[in-house]
Amino acid sequence: MMRYWLFKSEPTTFSINDLEHSPNQVTYWNGVRNYQVRNMLRDEMQAGDYAFFYHSNCTPPGIVGTMKIVKTGYPDFTAWDPTSPYFDSKSTAIKPCWFMVDVQFVNKFEQIISLDALKTHLSLKNMLILRPGNRLSITPVTKQEWEIILTVSADSKIR
DNA sequence: GCCAACGTTGGC
DNA sequence: GCCAACGTTGGC
């Protein structure tokens with residue numbers, strides 16, 4: 001059963017352009033250090049799932065494109081590197097604590113669908129990203145939400 | 001740069 | 001296992 005997701009990233013750290021220009025347009029999504037999100041990466045995400053790429057902490061924040069999960073959860077090895085900002089001594093190769101998936105670029109929207117724009121769609125009002133105080137860097141998206149947002153993106157192209 | 005929300009830590 | 005203090009996220 002295919003699922004849909006939304007991945008947040010600060011574009012100054014890693015943007016959709018960075019993904020587009022990665023080798024084979026694929027990258028590992030490392031650095032998740034939240035247990036709820038870890039569980040999604042480790043247990044729930046499947047190859048073939050689709051995800052929105054969301055730019056956070058920028059002007060304006062919003063969804064900028066889509067990507068695809070191409071490798072299911074495996075240990076986030078950047079947690080093992082003492083020189084990495086993502087180092088965490090809790091995690092070892094024998095007993096990994098943190099996980100990541102590989103994602104592949106699919107497309108970039110011609111126009112960002114800003115957080116403000118998302119808020120104007122009644123049918124999207126239950127999106128986790130719109131919930132005040134939601135800080136999960138990855139959230140599940142329903143099939144309906146996925147399709148509505150793609151429609152919004154196609155509409156914005158015509159204008 | 002402010003601040004609300006909320007996850008994590010650590011003392012007890 | 002409770003909960004206050006603290007740190008981080010992220011919109012504004």
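In what follows, chains carry the letters A, B, and so on, assigned in the order in which the sequence lines appear, proteins first and then strands, with residues in each chain numbered from 1.
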Check your understanding: Do A:Trp29 and A:Asp102 have side-chain N/O donor and acceptor atoms under 3.5 Å apart?
Key -> no
Practice item. Could you point out which residue of A:Leu19, A:Asn24, A:Asn17 forms a side chain to side chain contact (heavy atoms under 4.5 Å, CB included) with A:Phe105? Key: A:Leu19
Check your understanding: Between B:dC6 atom P and A:Gln36 atom CD, what is the distance in whole Å?
Key -> 11 Å
Practice item. Specify the residue among A:Asn57 and A:Arg135 whose closest nucleotide of DNA chain B lies further upstream toward the 5′ end. Key: A:Asn57
Practice item. Taking only Lys NZ, Arg NE, NH1 and NH2, and the carboxylate oxygens of Asp or Glu, determine whether A:Arg38 and A:Asp43 approach each other closer than 4.0 Å. Key: no
Check your understanding: When you check the phosphate oxygens OP1 and OP2 of B:dT8, does a side-chain N or O of A:Lys90 lie under 4.0 Å from one of them?
Key -> no
Practice item. May I have the distance from A:Glu10 (atom CD) to C:dG10 (atom P), rounded to whole angstrom? Key: 6 Å
Review point. C:dG10 phosphate, OP1 or OP2: any side-chain N/O from A:Lys8 under 4.0 angstrom?
Key: yes
Exercise for review: In whole angstrom, give the distance that lies between atom CG of A:Asn34 and atom P of B:dT8.
Suggested key: 5 Å
Exercise for review: For C:dG11, take OP1 and OP2 only and decide whether either is under 4.0 Å from a side-chain N or O of A:Tyr54.
Suggested key: yes
Check your understanding: Which whole-number value in Å describes the distance from A:Met40 CE to B:dG7 P?
Key -> 11 Å
**Study point:** Interatomic distance, A:Leu128 CG vs C:dG11 P [rounded to whole Å]
**Key:** 14 Å
Check your understanding: What is the ring orientation for A:Trp98 with A:Tyr35, classed by angle as parallel under 30°, tilted 30 to 60°, or perpendicular over 60°?
Key -> tilted
Review point. In whole angstrom, what separates A:Leu136's CG from C:dG11's P?
Key: 13 Å
Practice item. Specify the separation, in whole Å, of atom OH of A:Tyr35 and atom P of C:dT9. Key: 15 Å
